[in-house]
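Please read the structure below before turning to the comments.
Proteins get letters first, then strands, A, B, ... in listed order; numbering begins at 1 in each. All values derive from a computational prediction rather than experimental measurement. We use all heavy atoms of the structure for the numbers below, so side chains are in, but hydrogens, waters and symmetry mates are not.
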2 protein chains.
Amino acid sequence: MSLAEYGRVTADAFTVLAEPTRRRILDRLRRAESSVGELVTDLGVSQPTVSKHLRVLREAGLVSSRTAAQQRIYRIEVRPLQAVDGWLAPYRRLWTSHLDALERHLDSQEP
Amino acid sequence: MSLAEYGRVTADAFTVLAEPTRRRILDRLRRAESSVGELVTDLGVSQPTVSKHLRVLREAGLVSSRTAAQQRIYRIEVRPLQAVDGWLAPYRRLWTSHLDALERHLDSQEP
DNA sequence: GCGACATATGCCTGTCAAGGCATGTACGGT
DNA sequence: ACCGTACATGCCTTGACAGGCATATGTCGC
């Protein structure tokens, strides 16, 4: 099963999100866009590691970057996350009805 | 429901969902619980492969199994998916608020 | 218990991703 | 032009994991 002849295939959002550090990067970027250096200090991870994760995130379309002086400012792009949400949506129906019933029950107990 | 409550389960769920075949298994189980054999024929994957994926899914709490005669019937468990949804929720606001803003704009343009 | 069926597991191999370290590249200030 | 800052990339090692194949476990009907 070799993909070598087809060239590099960009990883899908699920694969990219499997990495805890990458989710931490996104969690950090969700509050505010930031430079690589800020991510390094905030997350306590080495700079090359952050840059590599950012590359993976960028190639999967989960973040984009703009250049500001010597820094590169990264921000979240939501489209791949929408795709994940789209996959999750039909599953959400499996528990929302149950939760709604629970909420109605709690509301009736707690005025 | 607090995000911290999901905690440890979350990381595992993301890793488990990174595998396309496992997502296909869940997609199949979402419509109806089923035996291993049914999954094998429906997905066109070898039986050991399916069993291994089911083990990973089971250990992550994403599915549960009951024994019926010689078969084992697998069904989806939603809690780890709720954890994923819990992680995704704050991001969802990133685009729903944009959409809301867009809708308000369009509404103001359209008398 | 025996044979047939359904599923789980063990072993092996190839693939690939992650992090440490060193180095390359781009930009700005002086 | 030089130096320092900010970031990217290349190489290397380690470890995880998926799938194929063979085999073990478990369950039923007889």
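- Sorted by first and then second residue, the ring pair (Phe, Tyr, Trp, His ring centres under 6.0 Å) pairs involving residues 12-54 of chain A (not counting sequence neighbours) are A/F14-A/W87.
- For A/Y74, no side-chain nitrogen or oxygen approaches OP1 or OP2 of D/dA6 to under 4.0 Å.
- Atom OH of A/Y91 sits about 5.0 Å away from atom CZ of B/R30, to the nearest 0.5 Å.
- Put simply, CZ on B/R66 is 12 Å from P on C/dT7, counting in whole angstrom units.
- Going from atom CG of A/L17 over to atom OG1 of B/T15 covers 10.5 Å, rounded to the nearest 0.5 Å.
- Atom-to-atom, CD of B/Q71 to C1' of D/dT27 comes out at 11 Å; the value is rounded to the nearest Å.
- Of the inter-residue distances, the one linking B/T21 atom OG1 with B/K52 atom NZ reads 12.5 Å to the nearest 0.5 angstrom.
- When the side chains of ILVMFWY residues are joined at heavy-atom separations under 4.5 Å, either directly or via intervening members, A/V16 and B/L94 end up in a single hydrophobic cluster.
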All N/O pairs under 3.5 Å across the protein-nucleotides 25-30 of chain C interface:
none

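- In this structure, the separation between CD on A/E19 and CD1 on A/I25 is 8.5 Å, given to the nearest 0.5 Å.
- Within residues 31-40 of chain B, no residue has a heavy atom under 4.0 Å from DNA chain D.
- Scored by the salt bridge (Lys or Arg N to Asp or Glu O under 4.0 Å) test, A/R72 finds no partners at all (sequence neighbours excluded).
- Rounded to an integer number of Å, the gap from CZ of B/R24 to P of D/dG19 is 10 Å.
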Polar atoms only, N or O, under 3.5 Å: list the protein pairs with nucleotides 19-23 of chain C and their distances.
residue : atom : partner : partner atom : Å
C/dG19  : OP2  : A/H53   : NE2          : 2.6
C/dG20  : OP2  : A/S46   : OG           : 3.4
C/dG20  : OP2  : A/T49   : OG1          : 3.4
C/dG20  : O6   : A/K52   : NZ           : 2.3

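- Shown here are the side chain to side chain contact (heavy atoms under 4.5 Å, CB included) partners of A/T41, two or more places apart in sequence or in another chain: there are none.
- Per the geometry, CG belonging to B/L43 stands 15 Å off C1' belonging to D/dG19, to the nearest Å.
- Taking the side chain to side chain contact (heavy atoms under 4.5 Å, CB included) definition, one finds that B/V40 meets it with B/V36, B/Q47, B/V50, sequence neighbours left out.
- A/R58 places its CZ atom 11 Å from the C1' atom of D/dT9, with the value rounded to the nearest Å.
- Atom CG in B/L54 sits about 10 Å away from atom P in C/dT7, given to the nearest Å.
- By the 4.0 Å N-to-carboxylate-O rule, B/R23 lies close enough to A/D12 to be salt-bridged with it.
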Distance-only check: which donor-acceptor pairs under 3.5 Å involve side-chain atoms of residues 55-68 of chain B, not counting sequence neighbours?
residue : atom : partner : partner atom : Å
B/R55   : NE   : B/E59   : OE2          : 3.2
B/R58   : NH2  : B/Y74   : OH           : 3.2
B/S64   : OG   : B/E77   : OE2          : 2.8
B/R66   : NH2  : B/E33   : OE2          : 2.2

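- B/S34 meets the side chain to side chain contact (heavy atoms under 4.5 Å, CB included) test with B/R28, B/L29, B/E38, B/L39; sequence neighbours excluded.
- Taking only side-chain nitrogens and oxygens, B/R55 never comes nearer than 4.0 Å to OP1 or OP2 of C/dT7.
- Annotation: salt bridge (Lys or Arg N to Asp or Glu O under 4.0 Å) contacts involving residues 87-97 of chain B, sequence neighbours excluded, comprise A/D85-B/R92, B/D85-B/R92.
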Wobble G-U and Watson-Crick pairs count when both distances are under 3.5 Å; given that, what is the 5' to 3' dot-bracket string of DNA chain D, with | for pairing to other strands? ||||||||||||||||||||||||||||||
